[in-house]
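Sequence lines set the chain letters: A, B, ... in the order given, protein chains first and strands last, and positions in each chain run from 1. The figures here come from the full heavy-atom set of this structure, side chains too, leaving out hydrogens, waters and symmetry mates.
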Amino acid sequence: MLAAPLVLGTAAAYLLLLFAVAAWGDRRARQGRSVVGNAWVYALSMAVYCTAWTYFGSVGRAASGGIWFLPIYLGPMLAMTLAWLVLRKMIRIANHYRITSIADFVASRYGQSPLLAGLVTLITVVGIVPYIALQLKAIASGYAVLTTPLGAEPAARGPWWQDGTLAVALALAGFTMVFGTRHRDASERHEGMVTAIAFESVVKLLAFLAVGAFITWGLFAGPGDLFARAQAVPELATLLTLGQGQPFPYAQWLALTLLSMLSVVFLPRQFQVMVVENVDERHLKRAAWVFPAYLLAINVFVLPIALGGLLYFGGRSVNPDTFVLSLPLAAGQPTLALAAFIGGLSAATGMVIVEAIAVSTMVCNDLVMPLLLRLRRFARHGDLTGLLLGIRRAAIVVILLLGYLYFHFAGEAYALVSIGLISFAAVAQFAPALLGGMYWKGGTRGGALAGLLAGFGLWVYTLMLPSIAKSGWWHTDFVDAGPWGIVLLRPEQLFGLAGLDYLTHSLFWSLLANVGLYVAVSLARLPSAREASQALLFVDVFERTQSAHPVFWRGRAELTDLLALAGRFLGAARARTLFEDYARRAGLGGFEQIEPDAQLVQFVETQLAGVIGSASARVMVASAVQEEALALDDVMRILDEATQLRAYSRALEEQSASLRRATEELRAANEQLKSLDRLKDDFMSSVTHELRTPLTSIRALAEMMADDPQMDVAQRQQFLGIVVAETQRLSRLVNQVLDLAKIESGHAEWRNSDVDMRALVQQAAQAMAEPLREQGTQLTLELPERVPTLRADADRLTQVLLNLLGNAAKFVPKPGGRIGLRLTTDAAGVTVQVRDNGPGVPEEQRSLIFERFHQGGDINHRPTGTGLGLPISRQIVEHFGGRIGLRADIDQGACFEFTLPWEAPEQAARDTGDPP
Amino acid sequence: MRRTLLPQRLTGLFGLALLLFNFPLIALWDRPATVWGLPLFPAALFALWALLIVLLAVLMEDAGD
Amino acid sequence: MTTKILIADDEPNILISLEFLMKREGYEVHLARDGQEALELLRRERPRLVLLDVMMPKKTGFEVCQEVRNDDDIRSTLILMLTAKGRETDVVKGLALGADAYMTKPFSTRELVQKVREMLEAVP
């Protein structure tokens, strides 16, 4: 055993540490470096699901029922598989509409009904009080175990003012108040609290694993040994199977699974951390599997601890709920026991804090505020921010005190687990209304009310009352024999449905009535305008972005009224800032310029909902403005308009996209045209230049000769010679241009004959002999002996040869040039190669040389010629079905080559006139 | 969300989990046998649970936005 | 005193024509067949005026013009550009680069002689 002051001291120290962690979390949040904006923290905060129940109750359950402790954790596994679908929708809705609690969610969905809000809150409070009591009980008994010598009777509980548990309850209330009620806007996250919760999750996991490891490998020789010994004992062996003598236990198994599946979302603390405190939807992706992994880890040692305890303590009456503490103590590990106690304390405090905050928010916004606002005193004026804070704090204290009272009066009757399950069954009643509201537009307020009332009523009747009776506070007659002796109405075998355990039985009837009435009453009439509009906003939340919200509101409002209203609940300064932001987002100069339209009213209402709940917000806004009642048709029309608007904007987007595409195409086409134009310009200017150059000499010389009839004869002869030569040059050029134009447009004349290529080549070489000799260029011929004839236009082919030879002559070094002219034949046709030892054609120009107007050399230093020779040659060669090109495998110089097939293509044959 | 298979896969995983953890499949393990020294029923449940977590993790980490 | 004139053109026939023409008018004529030679002669002989063709190998008429204007020694040489290209842009470019006058080919011999005389008389 441990000394009481040690235990108390450690506990206090731990709570202070928690306090520090929370303070740090809050400070980081204020600095903008939030700790909470992290998927791991989010996932760990979900582990607040594991309370003292997990720590003590699970082991106790395992000790008496074996594997039956597990379904409570399988349910969350199931729920998390759908988390990305369902939870995400909830988070989205909660974010959009500033929803801060389950009550708010339900109320908001069904037309901001204060009645629904109040009912949900009431159910929650009633359902949660036992659960809180459970935590207090766990702490109390844990403390007792640590400080009482083993086997001795625990000290009798003194009068309540000496009851340590009361102190614990009050301490927790204080802690919760500090961290839960600092801010006035409840939709601001409690970052400090979430940080502390995540920290606690780590502590409790580590502590539990430590104890488990100790017991498995410290007290026994590992899991194999432990289980072997357990199976040796018959009573223990049955714990390891499901049956345990019960006929058809599977219904109960399923019920527990489904129950926990619902509770992991609908418990107030779960809703708070999962939905309200969520910072980023995408964190769900990580949390969806990390949270179940956590649950698996914390449950791995439950069976070993339970069995270990049963084996170790043999027949001694040690409460299995406390094995986690008593085993280490008995085995001489007081430190470990203390650590385990801290772990359990951690689990309990985590639950209590979050639960208290969540429930107090609900109580304030959805129970107290609507009632207060009915009183004219409050409805008119006054700054209510302080009042809101006060109500919340009071609610926290009250809840915890209620928990303490339940613990004091009723806590001994049931094992911990049973108490917890009763709470689960209570919050499960929210499922039809909430889930139905998210997916079914037909759910109405009436349906939700009817379902909730029926479900809750049956829960009270079949679970709550019997539990109170069995604790000794009520005679148990009505449980055993039915109220007024009516057997059919026995609470635990309602309408004669026997064979189910009390929990499954209750769950069955309550949910049946709940869902049945929800659907039936909803379908009884059409939804009202308000219900329909809210239904649309909720169910279609994924399809609506913030900007495309249809605003379901008609009426008139004054800007000053709205500002004053906001100020009452948010504080004047805060309200003003909000309005300024709104103005800025709308692109206006200042908030005075805001148009008090439906959009603004909805904005104000949403902001208020974050503070006082949507139902009260609705009431307050309605009082500040003049609203016109919306009929269902109006809602439909607004919706249609919104849909049309979206369709228009989408069509507009498509149009502008296609317009952009068209503009792009036009621009590209324009670019092409311009470059073609440029080409044409270049061509024109080249041709012009070429034409004008000989013309210049001709004109100048002719003028000079005309001016001077007495010119020297020799001089005159020289000049005339030049004139003649230039004229010829001019004609040549003109002919070339016309030639190319004719060939390209298909109007050229072709005079085909049987051509002897060998002779043709020789003739061409002959024609060039003189000019080549003059410039010192050597021409070599390589010709086969005989060459078959070819059907082609001899003149044209000569033109090609002369062009190639002329080009080669232009570029070879002078003197020292060498040109090789080679003729070969093969099965396909004839090949002619003209090779020179000039500089060759640079890489980048290889593909360009056959383009019109392209000339070798660079821009400014063009050799003579028009750049038309090669294009014409290509046209000619291709006309006869051949190919012309520049060989790429030559290192130095250039080698032009063209081939002509033996068989002329049809085109050439057709173009021929009469054969010669 | 419409364009991916994710919602359907998740629903499938849910269904799988529901089936694996309940009658009749669960009855498969409900007998006093041992595997590697561990009792069959709890071991099987935990193993299946771990498997489901892994599957869910794969689906979730790969999920788009 | 005979005025020195340089004629720069890569077309031999044009050189012949212009040479005869300028000699007939009584000027001392030097000939250059490309831009490089033109610059050398400009620096060596310091003619008062140069008939400058645009399309020449080694250096174009534009380049020669630029270099002349950047060289203190020969900056004051009168430049009359001749080209077969008649586009607006070329005229503007030439004048911008510092040519004093511009004539397109084929020119009238009478007009050319007139222009040269005017240019020489404008500068003492």
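In terms of heavy-atom pairs under 4.5 Å with chain B, the best-connected choice from Pro71(A), Ala83(A), Ala79(A), Ala293(A) is Ala293(A). Here Pro42(B) is the residue among Gly15(B), Pro42(B), Ala50(B) with the most heavy-atom pairs under 4.5 Å with chain A. Across Asp225(A), Thr257(A), Val290(A), Val300(A), the residue that shares the most heavy-atom pairs under 4.5 angstrom with chain B is Val300(A).
Residues Trp253(A) and Asn22(B) meet the side-chain proximity criterion, which asks for heavy atoms closer than 4.5 Å.
In this structure, chain B has a heavy atom under 4.5 Å from the side chain of Leu303(A), while its backbone stays farther away. Using a 4.5 Å cut-off between heavy atoms, Leu82(A) contacts chain B through its side chain alone, with no backbone atom that close. With a 4.5 angstrom heavy-atom cutoff, Met261(A) touches chain B only via side-chain atoms. Neither the backbone nor the side chain of Leu226(A) comes within less than 4.5 Å of any heavy atom of chain B.
Closest approach of Glu61(B) to Arg286(A), counting heavy atoms only: OE2-NE, 2.7 Å.
The distance from the CG atom of Leu18(B) to the CG atom of Leu258(A) is 6.5 Å, given to the nearest 0.5 Å. Distance check, rounded to the nearest 0.5 Å: CG of Leu295(A) to CD1 of Ile53(B) gives 8.0 Å. One distance of note links NZ of Lys285(A) with CG of Leu59(B); it measures 12.0 Å at 0.5 Å rounding. Trp84(A) contributes atom CH2, which lies 9.5 Å from atom CG of Leu10(B) (distance to the nearest 0.5 angstrom). Here Leu13(B) contributes atom CG and Met77(A) contributes atom CE; the two are 6.0 Å apart, rounded to the nearest 0.5 Å. Expressed to the nearest 0.5 Å, how far CG of Leu52(B) lies from CG of Leu74(A) amounts to 9.5 Å.
Not one N or O on the side chain of Trp289(A) forms a donor-acceptor pair closer than 3.5 Å with the backbone of Val58(B).
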Margin query: One pair to check against side chain to side chain contact (heavy atoms under 4.5 Å, CB included): Thr11(B) and Leu85(A). What are the steps and the verdict?
Written below: CA-CA 9 Å; Thr11(B) 318; Leu85(A) 304 175; 4.1 Å; yes
